[in-house]
Amino acid sequence: MSLPPGQIARTDFPRFGLPKFATRFPEDINDRHIDVGGDAGRDFFGDPMEGLPRVDQISAFHCVTTWSVQGLKWSGTRFSDFMARHSDGAKWVILRAQDGYRTLMLAEDLAAADVLIADRLNGVNLSVLHGAPFRLIAPAHYGYKSVKHLDRVEFWTKRPKLKANGFAFMDHPRARVALEERGRFFPGWLLRRLYRPLIKRTEQRFAQELQRHEALATTGS
Ligand SMILES: Nc1nc2c(c(=O)[nH]1)N[C@H]1C(S)=C(S)[C@@H](COP(=O)(O)O)O[C@H]1N2
Ligand SMILES: [Mo]
């Protein structure tokens with residue numbers, strides 16, 4: 001299978017993100033609730049998958065730092081179904097997570113058939129590692145749009161102001177992989193070179209912090 005421009009395949013799937021999120025974890029992975037807000041949102045607090053069809057899909061995952069994993073088997077609910085039920089006339093959507101992570105997407109991009117609110121990966125429930133209890137999966141967009149530990153969705157008619165998680169240049173409003181929209185202000189080929197040397201360190205950091213977190217959880221302190 002061919003990969004999008006600048007991406008390199010790997011077979012393992014690391015815990016990953018901006019370094020400052022390595023030490024942040026969801027409060028409760030068994031809390032299957034999502035909160036809906038925004039001026040185009042209909043008030044809702046509940047299980048986002050209840051009453052909506054379950055879909056399974058195999059898709060690739062593309063991190064902006066240039067690594068890709070192919071053939072991941074996700075299961076969940078189409079975001080388009082969720083949006084049809086909980087929003088009227090949204091143009092922009094803010095997705096927020098239990099660990100404080102957030103991102104902004106166009107409602108039009110979220111309406112694509114391959115965008116899911118997923119609760120399972122490769123046949124088992126999501127764990128802390130990959131975004132329990134719910135995460136967004138948007139395969140046509142860089143991984144930083146696929147919010148893990150999703151707990152709040154805001155539907156807006158106008159573009160809301162939202163502070164980036166890191167530096168503004170890292171956050172492209174659409175982040176389409178096929179167009180290499182890695183970030184703002186700088187071209188994709190430049191960001192490739194900037195990000196690639198950071199992969200190893202970042203994934204080690206994320207793995208270490210997860211180990212620490214799990215050790216704490218088993219000793220109950
Ligand atoms: N809540 C939350 N979602 C997040 C992140 C994060 O730090 N926190 N990092 C993003 C980035 S940059 C990537 S590449 C993917 C990594 O997903 P993974 O840890 O399942 O590999 O999650 C994205 N979603
Ligand atoms: Mo990423």
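Nothing fancy with the numbering, it's 1 onward along the sequence. Just follow the structure's listing: the first ligand is 1, and inside any ligand the first atom is 1.
- Nearest to atom 7 (O) of ligand 1 among the protein's heavy atoms is F21 CB, 3.2 Å.
- Residue S146 has at least one N or O atom closer than 3.5 Å to an N or O atom of ligand 1.
- The side chain to side chain donor-acceptor pair (under 3.5 Å) check on T202 picks up nothing, with sequence neighbours excluded.
- The protein heavy-atom contact nearest to atom 8 (N) of ligand 1 is D99 OD2, 2.9 Å.
- Shortest contact from atom 16 (C) of ligand 1 to any protein heavy atom: F16 O, 3.5 Å.
- For K91, there are no side-chain contact (heavy atoms from CB on, under 4.5 Å) partners, not counting sequence neighbours.
- For atom 17 (O) of ligand 1, the closest non-hydrogen atom of the protein is R135 NH2, 3.3 Å.
- In terms of polar-atom proximity, defined here as any N/O pair under 3.5 Å, H130 does make such a contact with ligand 1.
- Looking at atom 6 (C) of ligand 1, its nearest protein heavy atom turns out to be Y101 CD1, 3.4 Å.
- Nearest protein heavy-atom neighbour of atom 14 (S) of ligand 1: C63 SG, 3.6 Å.
- Nearest to atom 19 (O) of ligand 1 among the protein's heavy atoms is K148 NZ, 2.6 Å.
- Rounding to the nearest 0.5 Å places CG of L18 at 7.0 Å from CZ of F206.
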